[in-house]
Participant: 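Sharing a structure here in structure tokens format.
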Amino acid sequence: MSQGNRITVDARGIACPGPITELIKAYRNAKNGDVIEVWATDPGFEPDVKAWISRTGNQLVELRKEQDKIIAVIKVTAKR
Amino acid sequence: MGSVKKRVVIVGGGTGGLVLANRLPKDEFEVMVVDKQPYNYFLPWLLYIAFKGSRKPIKREITTLIKPWVNFIQSGARLINLNDRYVELENGKRLGYDYLVVATGATVDYSKIPGLSKVIDLYGNYHSNEENAWKVWRTINSIKEGTLAFILAYERYRCPPSPLEGVLLADEYLREMGVRDKVKVVYATSYPRPYPAEPMNEVVEPILKERGIEVTTFFTLDSIDADKGVAYSVEGEELKFNAAIVIPPHIGVNIKYNPDNVLDPDGFVLADKDTNRIKGFDDAFVIGDASALPVAKTGVTAHLQATVVAKILTGGYARNTGRTHCPFDMGYGLGTFVISDGTHGTVKYPPNRVNHLFKMAFASSYWSMLKYPELWDPLMEAYFNATAPEKLKNIYG
Ligand SMILES: Cc1cc2nc3c(=O)[nH]c(=O)nc-3n(C[C@H](O)[C@H](O)[C@H](O)COP(=O)(O)OP(=O)(O)OC[C@H]3O[C@@H](n4cnc5c(N)ncnc54)[C@H](O)[C@@H]3O)c2cc1C
């Protein structure tokens, strides 16, 4: 089986239109099996990622807070 | 000073390009603006062609908007060679430079969404040109019943509030025409909520509810079928419509770069977020919509970045603050602004009549602001200070 790519998206410092934009952008170009890691500082990012995951059915591997950023690791599984 | 003037080539005579050109002191710089067309377009007015049928002219000749000492060549650039420091024009002529500023804006690409070209042909859009904006005007004048869908196709587009501005202005117009009870207005977006930034959404969402506008979230447009009247999402949903106004995907303009690794997959130019220097180059900058920076694609951003680059070129210290200030027309003479910066999130700024008036005042002053930045700067600075996010947050939260 082929190994998916790992895509890192730095969305720190973005508040408008919001870090979720960067996730959706990466998602559009991703394939099933890819892993997307997003870094953000906007506190709104956390609920957004959760809502996005529950709606799209992709897999949230990790969501953690570090001192200077929120990190979300998502495995792409729900692309048609 | 007696020293040799520095040669600055600015590719693109839009908002960012002209503000910069008119700012550079004539005794230090020889400035050349290159644009593929003779006009500067005031793109925000496409909204008022599309939803109000406005006949106000939206273009001016670039030669009337530049200082007498700024040079202008009307030609498309086809290659930008950053390694050898030249811009190649369509006729093969090469312009060497000491400093380069790319200000070529964004363009729309219908081919990214199967079926989109046909939908645009039928119903128009208000993010490309006058012809398509007039088509939107015809669309909202001819729909008498069924569903009018507004669909945000891609995450990157000009002016973050513009999709919802269109929705709200269409609602107002359909009510005026007396057909709103028979026309359902739907807005589909890939975001979790109608306006992507939460605090602003708290202002917008109740207004959409009050005006009876339906919203479909997490709808990432995959393809669209004009004949069947159905839009399909990546998430597997279907949206039926009688007419659809799509905010089309935006990409960078068609210019080759050497090296080509300064472009992202959509053709936007990679840049340093503080200084707008093109990735890996000290003598080349990209401002405005052409950059890949994850900031709002607005004229205000282009203007502020041009100001930073002008300061850097004249030997001063300047950095982007990430300030946004996007006007948001909410219909019925109400307006607000989407205000944020690199350290403060978006302000929850409720609409009022004065803000709408401000938007209209900016619109009428637009070309004067491009030509005489030195006259407008003090006013703009005072205005931006008065509306700084940390100040407004104290009032509105
Ligand atoms: C409906 C709508 C509403 C908007 N509302 C607002 C608003 O209220 N406030 C706001 O601040 N912004 C608004 N905007 C956004 C604003 O219009 C843009 O962000 C702004 O024009 C960007 O300026 P720019 O200098 O980066 O690019 P542009 O103004 O697009 O200029 C780019 C220039 O480069 C030239 N060019 C392109 N390719 C080449 C080439 N190969 N060779 C030479 N020249 C080339 C083009 O001809 C053009 O003149 C709105 C936009 C739309 C569509």
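Since this is a predicted model, take the numbers as computed values, not measurements. Convention: sequence-line order gives letters A, B, ...; per-chain numbering from 1. As a basis for the values below, the full set of heavy atoms in this structure was taken, side chains included, without hydrogen atoms, waters or symmetry mates.
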Participant: For residues B/Phe218 and A/Trp52, report the shortest heavy-atom separation together with the two atoms involved.
Facilitator: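 Distance-wise, the nearest heavy atoms are CE2-CA, 3.3 Å.
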Participant: Counting heavy atoms not belonging to A/Lys75, are there more than 12 under 6.0 Å from its NZ?
Facilitator: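 Count not over threshold, so no.
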Participant: Measure the shortest side-chain to side-chain distance between A/Arg28 and B/Tyr154 over non-hydrogen atoms and say whether it is less than 4.5 angstrom.
Facilitator: yes
Participant: Counting only heavy atoms not in B/Phe358 (residues, nucleotides, ligands), do more than 12 fall under 6.0 Å from its CZ?
Facilitator: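 Count not over threshold, so no.
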Participant: Using non-hydrogen atoms only, which part of B/Asp266 is less than 4.5 Å away from chain A: side chain, backbone, both, or neither?
Facilitator: neither
Participant: Just how far is it from atom OH of B/Tyr191 to atom CD1 of A/Ile20, taken to the nearest 0.5 Å?
Facilitator: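 These two atoms lie 9.0 Å from each other.
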Participant: When you check the side-chain N and O atoms of B/Thr220 and A/Tyr27, is any donor under 3.5 Å from an acceptor?
Facilitator: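 There is no such pair between these side chains.
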Participant: Could you tell me which portion of A/Arg12 (side chain, backbone, both or neither) has an atom closer than 4.5 angstrom to a non-hydrogen atom of chain B?
Facilitator: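 For A/Arg12, no heavy atom lies under 4.5 Å from chain B.
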Participant: Mind ranking A/Pro43, A/Gly44, A/Ala51 by heavy-atom pairs under 4.5 Å with chain B and telling me who comes out on top?
Facilitator: A/Ala51
Participant: If I take atom CG from residue A/Asp42 and atom OG1 from residue B/Thr346, how far apart are they, to the nearest 0.5 angstrom?
Facilitator: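 OG1 of B/Thr346 is found 7.5 Å from CG of A/Asp42.
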Participant: Non-hydrogen atoms of chain A under 4.5 Å away: do they reach the side chain of B/Leu221, the backbone, both or neither?
Facilitator: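 Interface part for B/Leu221: backbone (N, CA, C, O).
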Participant: Relative to chain A, which segment of B/Thr343 carries a heavy atom at a distance below 4.5 Å: side chain, backbone, both, or neither?
Facilitator: neither
Participant: Using non-hydrogen atoms only, which part of B/Thr189 is less than 4.5 Å away from chain A: side chain, backbone, both, or neither?
Facilitator: neither
Participant: Within a radius of less than 6.0 Å around NZ of B/Lys273, do more than 12 heavy atoms belonging to other residues, nucleotides or ligands occur?
Facilitator: no
Participant: Heavy-atom count around A/Asn5 CG within 6.0 Å, excluding the residue itself: above 12?
Facilitator: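 Yes.
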Participant: Before accepting this row, confirm whether a basic side-chain N of the pair B/Glu237/A/Arg55 lies closer than 4.0 Å to the acidic partner's carboxylate O.
Facilitator: yes
Participant: So how far is it from B/Arg193 CZ to A/Asp48 CG, rounded to the nearest 0.5 Å?
Facilitator: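 Between atom CZ of B/Arg193 and atom CG of A/Asp48 there are 4.0 Å.
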